[in-house]
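Note that these values count all heavy atoms, side chains included, but never hydrogens, waters or copies made by symmetry. Only a predicted model underlies this, so the values are computations on that prediction, with no experimental measurement involved. The sequence lines fix the lettering, A, B, ..., with proteins before strands; numbering per chain opens at 1.
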Protein chains: 4
Amino acid sequence: MARPSVEAERREQILAATREVVAEMGFRAMRVADVAKRSGASTGTVHYYFETKRELMQAAFEWNFHASQARRTPVVEAHEDPRDRLRAFLDSYLPVDEVVVQSWHMWIELWTAALHDTDLRELNENVYGEWRRTVAGIIRDGQDRGYFVTGDPVLLANGLVSMVDGLALQVLLGSRSMTLEQMRRVCEQSVELILTEGS
Amino acid sequence: MARPSVEAERREQILAATREVVAEMGFRAMRVADVAKRSGASTGTVHYYFETKRELMQAAFEWNFHASQARRTPVVEAHEDPRDRLRAFLDSYLPVDEVVVQSWHMWIELWTAALHDTDLRELNENVYGEWRRTVAGIIRDGQDRGYFVTGDPVLLANGLVSMVDGLALQVLLGSRSMTLEQMRRVCEQSVELILTEGS
Amino acid sequence: MARPSVEAERREQILAATREVVAEMGFRAMRVADVAKRSGASTGTVHYYFETKRELMQAAFEWNFHASQARRTPVVEAHEDPRDRLRAFLDSYLPVDEVVVQSWHMWIELWTAALHDTDLRELNENVYGEWRRTVAGIIRDGQDRGYFVTGDPVLLANGLVSMVDGLALQVLLGSRSMTLEQMRRVCEQSVELILTEGS
Amino acid sequence: MARPSVEAERREQILAATREVVAEMGFRAMRVADVAKRSGASTGTVHYYFETKRELMQAAFEWNFHASQARRTPVVEAHEDPRDRLRAFLDSYLPVDEVVVQSWHMWIELWTAALHDTDLRELNENVYGEWRRTVAGIIRDGQDRGYFVTGDPVLLANGLVSMVDGLALQVLLGSRSMTLEQMRRVCEQSVELILTEGS
DNA sequence: AATGAATGAGATTTCATTCAT
DNA sequence: AATGAATGAAATCTCATTCAT
């Protein structure tokens, strides 16, 4: 009788290994054998948990999404003031450490893969719905309290979330003019832009 | 005897075919044989012009960049007022027709490929330097004339360009909440945000 | 404590499952996992009873043989007149129900497998010796009583048994011109051919 | 410019190699690599001509059918008397040489494969329609001339063709009681059975 | 300048078998 | 007596690249 957690643990190990490998060499170059090696299993075992490479990647994308969400939620909820919440939210996207960097790699790969895969598009739809709703909620709250300029909060949220995507992408690409520090400043300036005079 | 332009023409055909194929199925799934078929040539011929697949993609990315630039420049220069220039610039990024859509596909594929390819990162660096300089120039000009709010024009330019990238990405992904029309409105709102009171 | 029949029962279950699976998807496509699932056991259990897949198939072929024999014997012995015996014997080969159909599937798979497996050839030798002896006996008896035409009873028996094999094969293959009904008529006509004028 | 016959030649080589390999080790055990080696090509080349192993086998079955037909037709047409035609036809099925033996191996493999493959069943349908029509024609002709006993010629044809299948199978299986010589005698006796008294 | 048949290295996938429990 | 997670050897298939013509 195997411990009931063995399967779940193994699955998680493989997904974590997948994220690491994808971050390092990209989905295109990633081989199932790489994931196997990294997770200390055989290719047979990887296929025991995920029938195809495609299924493995899909699961890894979803797993990354849930992990991101779990990391983000407490960060945002730590603040009460919508201005702080917005800043904390944007801050949590800065690729400051290995985990966030790896996570960003997964998002970028997801974008490219989703362009030609209906299931992944659906995942993207969920993911962005989630972010948009969160940010729009913060902005609406801030507008109610008079901190943020008027204007459709959904449009503002979309602009901010998309900007963060574009910025992180350039940072990940190692752009000499878009460093982590630059990204931070652009984000700060963007918040300034939507703050009302007094606040 | 052969017209000297034959080679150049053939090369262009292959690059155009590459863009079409990449837009349709993605770089990952694209085979040299697909490009050959699409351009009406043999795989041998494709390799006659581009030694490796990697070289073909690199050339296609560069070709796409120059084509984008050529399309963009007259659009921007058609206006004198920096506010109109900025609006025209952003407008030219909306994925309204097949050419712009295919072009966006190439950019997105470039991002992913460049994450693990130094040469392509260099290309990205050039491309973004170009856009940033253009937009920053427009903003600086607008600030000088009092149309735009104060603030580091480079930061503002980076924010705008990144936002456009992120927005186009979601439109390309067929997001139900980020349609072409939505993207247009977000862009318009963003311009409003940096306009000064009077203008 | 365990009933001594438990093992025998389990074994039988697995063999029955094997016949079902082979009939449905063929030996080539059959996986040990399919047999396990069908018999409600694990792959480990299947291997507990049959060391290798080859051994499992061999046992299943033999089991099918004995089951066929057990079904056939009372049918033939129910008649005293050799003409009736022959008709009853041929009748019992018509693929009229699921059991006979599955049994035929096993024979056909055995033929193909035996072409390259000495042990299975030996099994085939036994099986056909059995049929041939039975039919030759019936014919010899009928000739003695003046019901059947003269001629080497062994040759006649071989002709009949082989014909039945060939006919059943075409019926199993769903041939539009060799239906169950057609097969029945061919068998009847063949019996007529060896009957003497008066009988 | 390659010779136009190169492709056809190469294809034929691969199909011939397939028949040899299938006859030797069976479809189940046959690997694409075996066919490649036998035909002096690489596995890549085999796949260049036949996308999948299944397609290769299908083509090999069809090729074998056409080759059999081509071998058989002149043999039958060499005789005018329906009794000779029938004898010549049955004779041509005796596994007397390597080619006929290999051909029989292909038929047997076809049967088993066709049980679970619609396309192959269709091929079997064509093949048997062909044989049945030929034999029924010969019998009908013989009956018109008073050489053969009365009775449905289609039933008689089916009985004969099926018998030959069953007999050849046992010969191929190396049955000690069904040798080539035995098969020949059973066939002769069967012809005797349908001859009228005087002829 | 162009071809396309042929290659072979390498990737995914399958599955009988094992073994710790 | 039974399990089923894990394995790894082996098979199919893919495709960028080459080269004789």
Note to self: Under the criterion side chain to side chain contact (heavy atoms under 4.5 Å, CB included), I'd like the reasoning laid out for Arg38(A) against Glu24(A): C-alpha separation, chi angles, the key distance, then a yes or no.
What the structure shows: CA-CA 12 Å; Arg38(A) 179 67 60 115; Glu24(A) 268 170 40; 2.8 Å; yes
Item checked: Selected nucleotide, minimal atom distance to Thr43(C) side chain, candidates dT3(F), dA2(E), dA5(F) ->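 The listed nucleotide nearest to Thr43(C)'s side chain is dA5(F).
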Item checked: Face-on cation placement of Arg10(D) at Tyr49(D) ring, 6.0 Å and 45° thresholds ->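 Here Arg10(D) fails the 6.0 Å and 45° test against Tyr49(D).
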Between [atom2] on [N] and [atom1] on [X], what's the gap in Å once rounded to a whole number?
X        : N       : atom1 : atom2 : result
Met25(B) : dC15(F) : CE    : P     : 8 Å
Ile14(D) : dA5(E)  : CD1   : P     : 12 Å
His47(D) : dT12(E) : NE2   : C1'   : 13 Å
Arg28(A) : dC15(F) : CZ    : P     : 11 Å

Check: [X] side chain, [Y] main-chain N or O, donor-acceptor pair, under 3.5 Å:
X         : Y        : value
Ser68(D)  : Asn64(D) : yes
Thr18(D)  : Ile14(D) : yes
His105(B) : Gly26(B) : no

Item checked: Glu51(D), CD: over 12 other non-hydrogen atoms inside 6.0 angstrom ->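 Counting neighbours around CD of Glu51(D), 12 or fewer heavy atoms of other residues, nucleotides or ligands fall under 6.0 Å, so no.
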Can you tell if the side chain of [X] reaches within under 4.5 Å of the side chain of [Y], non-hydrogen atoms only?
X         : Y         : value
Met106(B) : Phe65(B)  : no
Trp104(D) : Val101(D) : no
Thr112(C) : Arg28(C)  : no
Met57(C)  : Phe50(C)  : no

Margin query: Does a side-chain N or O of Thr45(B) approach OP1 or OP2 of dA2(E) to a distance below 4.0 Å, or not?
Written below: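 No.
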Note to self: Please determine whether a side-chain nitrogen or oxygen atom of Arg10(C) lies at a distance below 4.0 Å from atom OP1 or OP2 of dA2(F).
What the structure shows: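 True: Arg10(C) side-chain N/O within range (under 4.0 Å) of dA2(F) OP1/OP2.
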Note to self: Which is more 5' along DNA chain F, the nucleotide nearest Met30(B) or the one nearest Ala29(D)? Just name the residue.
What the structure shows: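 Closest to the 5' end, via its nearest nucleotide, is Ala29(D).
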Notebook entry, point to check: Do Lys37(C) and Asp34(C) sit within salt-bridge range, that is, some charged N less than 4.0 Å from a carboxylate O?
Noted result: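 Answer for the salt bridge query: no.
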Checklist line | Per-nucleotide pairing state of DNA chain F [Watson-Crick or G-U, under 3.5 Å; [ ] pseudoknot-crossing; | other strand] | finding: .||||||||||||||||||||
Note to self: For Val46(D) and Gly44(B), find the nucleotide of DNA chain E closest to each by heavy atoms; which residue's nucleotide sits nearer the 5' end?
What the structure shows: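 Result of the comparison: Gly44(B).
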Margin query: If you take any heavy atom closer than 4.0 Å to DNA chain F, which residues from residues 48-57 of chain C end up in contact?
Written below: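 Hits under 4.0 Å, by residue number: Tyr48(C), Tyr49(C).
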Checklist line | Neighbours of DNA chain E within residues 31-40 of chain A, by heavy-atom distance under 4.0 Å | finding: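 Heavy-atom cutoff 4.0 Å gives Arg31(A), Val32(A).
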